Amino acid sequence: MNILLLGSGGREHAFAWKMVQSPLCDTLFVAPGNAGTAAIATNLDFSATDFDAIKALVIKENIEMVVVGPEDPLVKGIYDFFKNDHDLKDIPVIGPSQLGATLEGSKEFAKEFLMKHKIPTAAYDSFTAETVEKGCEFLTTLQPPYVLKADGLAAGKGVLIIQDLAEAQEELRNMLVGQKFGAASSKVVIEEFLDGIELSCFVLTDGKSYKILPTAKDYKRIGEGDTGLNTGGMGAVSPVPYVDAVLMEKIETRIVKPTIEGFQKDGIEYKGFVFIGLINVKNEPIVIEYNVRMGDPETEVVIPRMKSDLVELFLAVANEKLDEFELEIDERSATTVVVVSGGYPEDFEKGKVISGFENVENSIVFHAGTKLNNGNIVSNGGRVLTVTSYGDNFEEAIKKSYQNIDKLHFDKMYFRKDIGNDLK
Ligand code: AMP
Ligand code: GLY
């Protein structure tokens, strides 16, 4: 079958890498893709949210399945666009409906869903420009630090954690009245601060049944020792050594099951990934967010550990046969280290020639922000490459990732040298 994959990051290169290994995959198209996907699939020159271009391509190339990587096309309703189109309605889209995607598109919607289905989450209230003074008052009833979340999508930057009450009140006004995050902060969720270790749970569902995917931990800050600004993610490790069977059981019964049952009760069509962000407070997992897609760079360690055929797995999702699917996972650990452009997550330069790919041994280099330029592979974003390795344990895997990063070069490249150190 011919498949269309939407997106252009390391996550999508990892999906593409795995899907082209499937005997079920004839031609894989990626829109817009990167230099890594160009080497194994056919890149298309339009964005993942250009629904008209997507429709034209799907018809022209006889596409039989669409896999959605990032949240944008999902929040914009790609699933419903296919479902409601006479020519596209029979083509499965791997990703939730627009209503399902609202779990990521609106923090308030997610909080209401969590409360309604009695899924553990931090206490909260939400405010708009009209109720900003009430919000400032509400803050006085909480203990510091104060957690302020822009309701809408804000490219991962919409959460502020502030120690000082007066500063929190000022930021609340900036968000609601000053439109600090544009329309995304026209509503703000104020949440109780949870003190504990963060972890993520990745689930794939066909709307009825679900599979829990391997655990993974990412490293969000730019600086070593988890310091500095937040990024999309600077590295990942799978499995996470501190997540044991007892904790997983709690996560499954208290969070995953009621989430999938909640979709059914609320009539939310959902055939895709659910990425649940949790904080483990004294061994009690509590939800801090839903994402309606896989994590990046977590995908670059989760997908390589999947032994099963990914296209077959997606077909099981599309056909609501996930309960019959046997998911096989590689016992080995996988790690990935993200190589970024100097300056990221603030200003950085693009167009730097990347060299050394031919010297890499025993690692997989997934491309993120790269493109082809006159026969060279050049940087084209903040996160540029991610170097994934396997090992009998994560220490062995991470050593290989670092050995291979040393063979790769571009001007002003930067990476964290401490991925996994906190787990030793
Ligand atoms: P989110 O976009 O909801 O994942 O939030 C971004 C980051 O803020 C998370 O990865 C956590 O580190 C932190 N965070 C979010 N909500 C809370 C909370 N209620 N308590 C403590 N930290 C939080
Ligand atoms: N790595 C975190 C995310 O994809 O949101």
Side-chain angles (χ1 to χ4, degrees), residues 1-17 19-20 25-106 152-156 182-184 232 269-273 291-294 296 299 311 314 318 350-351 366-373 378-383:
M1 67 194 298
N2 293 344
I3 302 171
L4 171 63
L5 169 65
L6 300 178
S8 63
R11 168 183 49 214
E12 287 74 26
H13 190 190
F15 279 148
W17 169 85
M19 284 198 286
V20 296
C25 180
D26 293 320
T27 305
L28 177 67
F29 294 88
V30 190
N34 57 37
T37 62
I40 56 173
T42 304
N43 279 0
L44 300 162
D45 197 14
F46 54 81
S47 103
T49 51
D50 187 343
F51 292 2
D52 291 333
I54 291 169
K55 176 174 175 174
L57 185 277
V58 164
I59 291 168
K60 176 165 169 258
E61 298 293 349
N62 190 22
I63 299 292
E64 290 176 85
M65 179 159 70
V66 179
V67 178
V68 188
E71 64 277 17
D72 271 4
L74 296 166
V75 173
K76 293 204 166 95
I78 184 101
Y79 181 94
D80 309 70
F81 175 77
F82 271 66
K83 193 182 159 194
N84 298 326
D85 186 290
H86 175 75
D87 301 321
L88 305 178
K89 64 181 188 320
D90 296 325
I91 298 162
V93 173
I94 304 303
S97 62
Q98 191 166 27
L99 185 59
T102 311
L103 286 173
E104 178 164 356
S106 164
L153 291 182
E269 277 186 58
Y270 208 119
K271 292 184 175 185
F273 293 100
N291 295 296
V292 297
R293 52 174 173 83
M294 274 298 288
D296 188 353
T299 306
V311 176
F314 285 152
K350 294 183 188 178
F366 291 120
H367 291 225
T370 68
K371 69 172 185 181
L372 290 169
N373 187 14
V378 301
S379 64
N380 191 38
R383 294 193 290 174

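As the structure is a computational prediction, the values presented were derived from the model and not from experiment.
For Lys55, the salt bridge (Lys or Arg N to Asp or Glu O under 4.0 Å) test picks out Asp85, Asp87, with sequence neighbours left out.
Asn291 and Tyr270 make their closest contact through O-OH, 4.2 Å (heavy atoms, listed as atom of the first residue, atom of the second, distance). What you find for Leu74 and Gly95 is that their closest heavy atoms are CD2-CA, 3.7 Å. Between Cys25 and Val311, the shortest heavy-atom contact is CB-CG2, 4.3 Å. In terms of heavy-atom proximity, Gly69 sits nearest to Glu12 at CA-OE2, 3.1 Å. Shortest non-hydrogen contact noted between Ser8 and Pro32 is CB-CG, 3.8 Å. Contact record, Val30 with Ala41: CG2-CB, 3.8 Å, taken as the closest heavy-atom pair.
Listed for the Ser379 side chain is no donor-acceptor partner under 3.5 Å among the backbone atoms of Thr370. Between the side chain of Asn34 and the main chain of His367, a donor-acceptor pair closer than 3.5 Å is present. Glu104 contributes a side-chain N or O that, together with a main-chain N or O of Val292, makes up a donor-acceptor pair within less than 3.5 Å. No donor-acceptor pair closer than 3.5 Å links the side chain of Arg383 to the backbone N or O of Gly10. Of the possible polar contacts, none joining the Asn380 side chain to the Lys371 backbone as a donor-acceptor pair under 3.5 Å is found. Counting only distance, with no hydrogens or angles, the side chain of Asn2 and the backbone of Glu61 share a donor-acceptor pair below 3.5 Å. One N or O on the side chain of Ser97 and one on the backbone of Gly100 form a donor-acceptor pair closer than 3.5 Å.
Interatomic distance, Phe273 CZ to Arg11 CZ, rounded to the nearest 0.5 Å: 10.0 Å. Atom CH2 of Trp17 and atom CD1 of Ile40 lie 9.5 Å apart (nearest 0.5 Å). Expressed to the nearest 0.5 Å, how far CD1 of Ile91 lies from CG of Asn62 amounts to 8.0 Å. The distance from atom OG1 of Thr42 to atom CG of Leu28, rounded to the nearest 0.5 Å, is 7.5 Å. Leu5 contributes atom CG, which lies 12.5 Å from atom CZ of Phe29 (distance to the nearest 0.5 angstrom). Between atom OG1 of residue Thr49 and atom CD1 of residue Ile78 there is a gap of 8.5 Å, rounded to the nearest 0.5 Å.
Considering only heavy atoms from C-beta on, Leu372 stays 4.5 Å or farther from Asn43 through its side chain. Between Phe46 and Leu57 there is a side-chain heavy-atom pair separated by less than 4.5 Å.
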Determine whether Ile54 and Phe82 satisfy the following criterion, side-chain contact (heavy atoms from CB on, under 4.5 Å), listing intermediate values before the conclusion. CA-CA 10 Å; Ile54 291 169; Phe82 271 66; 3.9 Å; yes
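The side-chain hydrogen bond (donor to acceptor under 3.5 Å, both in side chains) test with Tyr79 is passed by exactly one of Lys271, Gln98, Glu269: Glu269.
No more than 12 heavy-atom neighbours from other residues, nucleotides or ligands sit within 6.0 angstrom of NZ on Lys60.
Applying the salt bridge (charged side-chain N to carboxylate O under 4.0 Å, His left out) test to residues at least two apart or on different chains, the pairs with a partner in residues 67-78 are Glu71-Arg293.
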